Structures are given as structure tokens and as C-alpha cells.
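So the structure is just underneath, and the comments pick up after that.
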Amino acid sequence: AQSVTQLDSQVPVFEEAPVELRCNYSSSVSVYLFWYVQYPNQGLQLLLKYLSGSTLVKGINGFEAEFNKSQTSFHLRKPSVHISDTAEYFCAVTLGGFKTIFGAGTRLFVKA
Amino acid sequence: DGGITQSPKYLFRKEGQNVTLSCEQNLNHDAMYWYRQDPGQGLRLIYYSQIVNDFQKGDIAEGYSVSREKKESFPLTVTSAQKNPTAFYLCASTTKQGSGELFFGEGSRLTVL
């Protein structure tokens, strides 16, 4: 069975510091990988996605993620966070284009 | 602008009442989804539809019902059989030819009093 594990439920970090949000997945078939961001009381929006090709993908707002097939990981990184990055981040995998499995989410809290 | 519109954004219901959440999209997407979000549990799939007049149960369909009479619309009814309906509900859509990237509405927060 496929699953997505986000290893940290909450990540506090100071403004301008780097951050890494960790995501591991389990799947016996090829998947597409996504990171979504959710601001309070809003829907989710796409940060970035990995479909194929280069394992380092860049997204919006200065975020990037690296696909590591051997470790089945897709960690999200940003070299310098802003207060406005405070939000919940979801890692997700999509199987065959129609079914998406989400991780439980990581709440990023950026402190001044 | 194309997008997904959910209404109402906030809804209060008394126990024993059914309530219907609206979801409309003008993205010409084939597939539509309903998710339920509870703190610390991520998103759980309630129902999804890949084509008009057809839909499938997701992981937590009990106490919910849907219809897909038009490509643009996928309403969700939370029935009185749903034991713990207080939650944040998210509607999403995607195109059949794509990678599965989901486009989300702004969500509807249902509170049962």
C-alpha cells in the first residue's frame, strides 16, 4: 500500500534561517510527487512537483525539493524563510493521475 | 479567472440536519474530489468523480453523499448519519491528461452545534 510520512508535525524557525521539511513515501509503483501549501482557513495551492527528469525541482516563493529514489524521499527546502512562509505544508503522491495520497502535514512557524 | 468556488465558507448545523456544500469549477476539469481535513490528520478522501454521472467512494464515505450531474458541479451532502461532521471540507479538481496536480477551492468549515 502507498503511504506518505511527514516526519515533523511542527517546525519552528527564525526568520532568514534555512528550513527543511521532510517527506518520505512508500510505493511499489512510479508516482508523481507534490508539495502543497495551505494558509489559515484557505485551500491548498501547489508549491512544486516532480514528474520526471532532474531530481531537483524549484517551486514558487523560493522553495525547492529534491527527489531521492533510493531513499524514497522528497524533502522541501528553503535557504532563507520569511514570516510570510508561516503555513502548513503537505507532501503528496499521485498514482496513475487520479488518486492522491497526502501526508499529515507539517506546520511551519517562522519567528521574528 | 478560472478556478473552483466553494460555498458557503462557514456553515453551522444542528445535530440531525442534512447540509449540502457546493463546489463549482470553470477549469473544464474532468475529475473532482471532496476531502475532509481535521487537525493533525492531513486530508482524507470522501468521494471522487472522474466523469459526469459517475462517482466512487473514497476512504471515509460513510455519512456522505454526492452527485455529478454536470461537469462543472460536484455537491457534497453531509447527512445526519455522519457521526462527527464538524470539519473543514475541501473540494478539488484535476484534468484527465495531467499529472494529477490538484486545484483546490477555498474550503467550507462546517460546525455542528
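Since we're looking at a predicted model, the values are computed, not measured. To find a chain, count down the sequence lines: A is the first, B the second, and so on, and within it residues start at 1.
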Which region of B:Tyr35, side chain (C-beta onward) or backbone (N, CA, C, O), has a non-hydrogen atom less than 4.5 Å from a non-hydrogen atom of chain A, or is it both or neither?
-> side chain
Does A:Tyr25 belong to the same Ile/Leu/Val/Met/Phe/Trp/Tyr cluster as A:Val57, with side-chain heavy atoms less than 4.5 Å apart forming each link?
-> yes
If you measure from CD on A:Glu88 to CD on B:Gln37, what distance do you get to the nearest 0.5 Å?
-> 6.0 Å
More than 12 non-hydrogen atoms from neighbouring residues, nucleotides or ligands closer than 6.0 Å to CG on B:Leu27, yes or no?
-> yes
Gap separating the CD atom of B:Glu106 from the CD atom of A:Gln45, nearest 0.5 angstrom = 8.5 Å
So, for A:Gln42 and B:Phe88, which heavy atoms are closest and what is the spacing to 0.1 Å?
-> O-CE2, 3.6 Å
Does one hydrophobic cluster hold both A:Trp35 and A:Val110, with members joined at side-chain heavy-atom distances below 4.5 Å?
-> yes
If Ile, Leu, Val, Met, Phe, Trp and Tyr residues are connected whenever their side-chain heavy atoms lie under 4.5 Å apart, and connections chain through other members, are B:Tyr89 and B:Leu45 in the same group?
-> no
Cluster question for you: counting only ILVMFWY and a side-chain heavy-atom cut-off of under 4.5 Å, with indirect links fine, are B:Phe103 and A:Tyr32 together?
-> no
The interface call for B:Leu90 against chain A, heavy-atom contacts under 4.5 Å, is side chain
Among A:Val4, A:Ile101, A:Asn41, which has the most heavy-atom pairs under 4.5 Å with chain B?
-> A:Asn41
Determine whether more than 12 heavy atoms belonging to other residues, nucleotides or ligands lie under 6.0 Å from atom CZ of A:Arg107.
-> no
Non-hydrogen atoms of chain B under 4.5 Å away: do they reach the side chain of A:Gln6, the backbone, both or neither?
-> neither
Does one hydrophobic cluster hold both B:Met32 and B:Ile4, with members joined at side-chain heavy-atom distances below 4.5 Å?
-> no
When the 4.5 angstrom heavy-atom criterion is applied to B:Tyr10 and chain A, the contacting part is side chain
Side-chain (A:Tyr36) to main-chain (B:Leu102) donor-acceptor, under 3.5 angstrom | yes
Considering only heavy atoms, which portion of A:Leu46 lies under 4.5 Å from any heavy atom of chain B: side chain, backbone, both, or neither?
-> side chain
Crowding at NZ, B:Lys57 (>12 non-hydrogen neighbours, <6.0 Å) | no
Rounded to the nearest 0.5 Å, how far does CG of B:Leu43 lie from OG1 of A:Thr100?
-> 10.0 Å
